[in-house]
Protein chains: 2
Amino acid sequence: MKSKITLKELSKLLNVSVSTVSKALHDSPEISPKTAERVKELAKLHNYRPNPVAVNLKKSKTGTIGVVIPNISNSFFARVLSGIEAQAQQHDQQIITYISNESLDREKQICDLLTSGMVDGVLIAVSEETQKKAEYEHLFALLDYDIPVVVYDRINLNLPADKVGVDDEKSFYDATRFFRAKGLERIGIASAIHHVGIGKLRISGYQKAMDELPVFTARSSSEGTLKSKIEKLLITEKVEALLCTDFESAIITTRVAYEQNIKIPEDLKIIGYINKDIAEYLTPSLSYIEQHPSELGVKAVEVLNQRISGDISAGKFEEKIIATTMVHLESSKF
Amino acid sequence: MKSKITLKELSKLLNVSVSTVSKALHDSPEISPKTAERVKELAKLHNYRPNPVAVNLKKSKTGTIGVVIPNISNSFFARVLSGIEAQAQQHDQQIITYISNESLDREKQICDLLTSGMVDGVLIAVSEETQKKAEYEHLFALLDYDIPVVVYDRINLNLPADKVGVDDEKSFYDATRFFRAKGLERIGIASAIHHVGIGKLRISGYQKAMDELPVFTARSSSEGTLKSKIEKLLITEKVEALLCTDFESAIITTRVAYEQNIKIPEDLKIIGYINKDIAEYLTPSLSYIEQHPSELGVKAVEVLNQRISGDISAGKFEEKIIATTMVHLESSKF
DNA sequence: CTGAAAGCGCTTACAG
DNA sequence: CTGAAAGCGCTTACAG
C-alpha cells in the first residue's frame, strides 16, 4: 500500500488524461461507463484518496473549523467539544482545537493563527481574563478578516457575531422561584464568578426572582474571602437555601456546611452550577443546573455553518439560547 | 482589511514578480534590501498572511496532527489533550481532534479519514470496544499508509508503533507495598475494567506485591454485580484496604462503605485511579494515583515529532513510560 | 538582484 | 466522450 498514489500516476497507468480520471472518480456524466469503471477499479486497487490539501486549495476552503476552548479540564467545555465534534463530523468537517487556558495572551495568539486562514470558521468562548479586562480587539480583528465567528456559552459581551448560549439568567430565576414556591424566604447566592458575564446573569436571575425579599450575596472581595462570606450567610444570616453560580462556591458551601454541622438538605438546600459528573458523586449529591453542553456544541456548529454558507445574511446576527434543566438530587430535597 | 490579499496581488501593486515578493518575505539573501523593505512594508500594510493551504500543498505536509480521544468527558483525557495542544503549539502544529466515544465503528471511520492525508501524524488511545474485541486491522491500515502513529495511554496492545503510557503495573505494586509496609495484610482490589489492558496491568501490579498473601478481587462477572462483590470484600472478608482500578469501582466502594457505616479511613483505606478534580472533592477525599496526563500528552507529541522527522529509525519503536505519583488524601491516612 | 517557469495535486470550463 | 489548459496560492531551482 505504502505512499499515496496521485491522480497523475493513476492517469499514467491507465493511459488517459488526468482530467478524465478526476471526472470519472466524480461520476461525471461526461465520462463513458467503460472508462469510469476502469478508472474506479484501479483507484480502488491502489486505494486512491484525493489529497485533501490540494482539494482545499482548489476549492478555496478548508473543511475545517477552529474551536477555542478556555479550559478543557472543565467537563462542561469537554462536553461542548464533544457535541461540536459530533456535529462537525456530520458535515464532514474537521475541528482544530485551541485551548486558551483562560489567558488573554494565549487567546490573542490563537486569533492570530486563526486569521491566517487555516479554518473556514471559528467557534469561541472567550477567556475569563479577556472578559475581566474587556479587551476585544483581537476578536474584532478576526471579524475584520471576514472569518465567520460564533461565540458560544460566554455570550454576554458586545461583539457583532452570532451567539449560542445558555439561559443563565432564567435558570437561576427559576431555581429561586422553586425555593420560594416551597415557602422559603431566606434564600442566598454565592459566587466566585460575579465579575464575568455568566456570573452576572445568574446573580441577576436570582435578584429578579427575589422581588421584595432581602437578598443575601456572598462573593469574594477586598473585605474577605468567599469562604468567610459564605460562613456569614450560613451561620449569621441563617439562609435556608443557597444558590451557587459555580463549582468553587458550591464546593466551599458543602465544606462550610460540613464543618459547621449544617445538614444538607435538612437545614440548607443547595442548587448550583456544577457539572453532572461531579454533582452526582458528592455526598450528599448536589442538585444542579444542567446546561446541555453537548447540544450547545451541536447548535454552535449549525449556526456557524449557516453563517459560512451565507444562510444568515451579513449584518444580522443569530442568537440561540439553549434551555437549561433543573436537576434535583439530594441537596434540594424537601 | 476584508478578504485576504495574495502574493500575486501584492506583486502587481509593487510591480515586481511573484517570486521576488515571496523571496523578500522569506528574507532571501537574493533580494536587495531596498526591494525587501518595500515588499515587507506593503505586506504589513495589507496584513498579508500566506495561505497555509497553499504552503502545505507546496511543502507536502500539513503542519497538523490528528488526535483520537476515546472519551473527552473523562478529565484524564481532557488533560492529556491539554498537554498535546500546548506542545503542538510549541512546534507550530495544529491539532485535529477526533472523539471515538469508545466505539470501534467510530474509530474505524476516524482512521479512514486519517488515511486521506489531512495530518502529518496521529496520536491515538484505542477505544475500549477495540480492545475488548481485539480488532486492530484499521490501525494496521493506518500504519500501512506510512502515517506516523503514536499510541498513548492504552499501550498494552500488540501494534508496531511508538507508545507513550503510564506505569500502571508499578503504580499499584507500589500502592500495595505501601499498605503492607503499614502492616496491613487483608488488602483487596476492585475493578470495573479488568478486561482492558490498563485494568489487567493494575491488577497484576497488586498481585505481584501481595506475594504469598491471599488476594481479594472484586470484579463484575456472571455471578454478580461489582457492587455485590465489593460488599463481600468489605463485609465478609473484612479487607482493611482496597485498591480501585477505576472511577466506577472507587465510587461504588465509597457508597458501600457509607451504606454499611464503614468508616474511611479508620476501618477501610482506599487508593484508587480517580481523577484529581473529583478525588479532592469527595468526602472523605480519596487518595489517588496521579498519572500526569498533561505530561503524557507532551511526551506523545515529542515522540510523534521525532518519528515524523525521522529521528526514530523505521523498524524501531519507542516506548516511553510516565512515572505515576501516589497522592495521599484522607482515605489512606493512618 | 530579478523574473519566468515548473510544480505541489487537484478541479473544471472549454475545445475538439 | 476525451484531453489540454488554466488556475487555486505558494516555493524554489534555474536563467538572465
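A, B, ... follow the sequence lines: proteins, then strands. Residue 1 opens every chain. Keep in mind it's a predicted model, so treat the numbers as computed, not measured.
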- Task: Report yes if at least one side-chain N or O of A/Ser22 is closer than 4.0 Å to OP1 or OP2 of C/dT11; otherwise report no.
- Result: yes
- Has A/Tyr48 got a side-chain N or O lying under 4.0 Å from the OP1 or OP2 atom of C/dG9? no
Nearest-angstrom distance from the residue atom [atom1] of [X] to [atom2] of [N]:
{"X": "B/Lys8", "N": "D/dG7", "atom1": "NZ", "atom2": "C1'", "value": "7 Å"}
{"X": "A/Lys12", "N": "C/dG9", "atom1": "NZ", "atom2": "C1'", "value": "13 Å"}
{"X": "B/Asn51", "N": "C/dC8", "atom1": "CG", "atom2": "P", "value": "18 Å"}
{"X": "B/Glu9", "N": "D/dC10", "atom1": "CD", "atom2": "C1'", "value": "13 Å"}
{"X": "A/Lys4", "N": "C/dC10", "atom1": "NZ", "atom2": "C1'", "value": "12 Å"}
{"X": "B/Lys61", "N": "C/dG9", "atom1": "NZ", "atom2": "P", "value": "15 Å"}
{"X": "B/Leu57", "N": "C/dT11", "atom1": "CG", "atom2": "P", "value": "12 Å"}
{"X": "B/Leu14", "N": "C/dT2", "atom1": "CG", "atom2": "P", "value": "12 Å"}

- Walking DNA chain D from its 5' end, the first of A/Ser19 and B/Thr20 to be reached, judged by nearest nucleotide, is A/Ser19
Can you find a side-chain donor-acceptor pair between [X] and [Y] that sits under 3.5 Å?
{"X": "B/Ser22", "Y": "B/Ser19", "answer": "no"}
{"X": "A/Thr130", "Y": "A/Ser127", "answer": "yes"}
{"X": "A/Asn305", "Y": "A/Gln87", "answer": "no"}
{"X": "B/Asp120", "Y": "B/Thr62", "answer": "yes"}

NZ/NE/NH1/NH2 to OD/OE distance under 4.0 Å, [X] and [Y]:
{"X": "A/Glu102", "Y": "A/Lys133", "value": "no"}
{"X": "B/Arg38", "Y": "B/Glu41", "value": "no"}
{"X": "A/Lys40", "Y": "A/Asp27", "value": "yes"}
{"X": "A/Arg106", "Y": "B/Glu85", "value": "yes"}

- Message: Counting distance alone, no hydrogens or angles: does the base of C/dG7 have a donor or acceptor under 3.5 Å from a partner atom on the side chain of B/Lys58?
- Response: yes
- Atom P, compared across C/dG7 and D/dA4: separation rounded to whole Å: 16 Å
- Task: Report which part of the nucleic acid B/Lys59 touches: base, sugar-phosphate, or nothing (heavy-atom distance under 4.0 Å, all strands).
- Result: nothing
- Query: When all nucleic acid strands are considered with a 4.0 Å heavy-atom cut-off, which category describes B/Val18: base, sugar-phosphate, or nothing?
  - Reply: base
- What residues in residues 23-39 of chain B put a non-hydrogen atom under 4.0 Å from any atom of DNA chain D? B/Lys23, B/His26
- Item | CD (B/Glu9) with more than 12 external heavy atoms under 6.0 Å | yes
- Message: Under 3.5 Å for both pairing distances: what stems, at least three Watson-Crick or G-U pairs long, include DNA chain D?
- Response: C:1-3 with D:14-16, C:5-12 with D:5-12, C:14-16 with D:1-3
- Sole candidate of A/Val303, A/Val150, A/Val164 that passes side-chain contact (heavy atoms from CB on, under 4.5 Å) when paired with A/Glu318: A/Val303
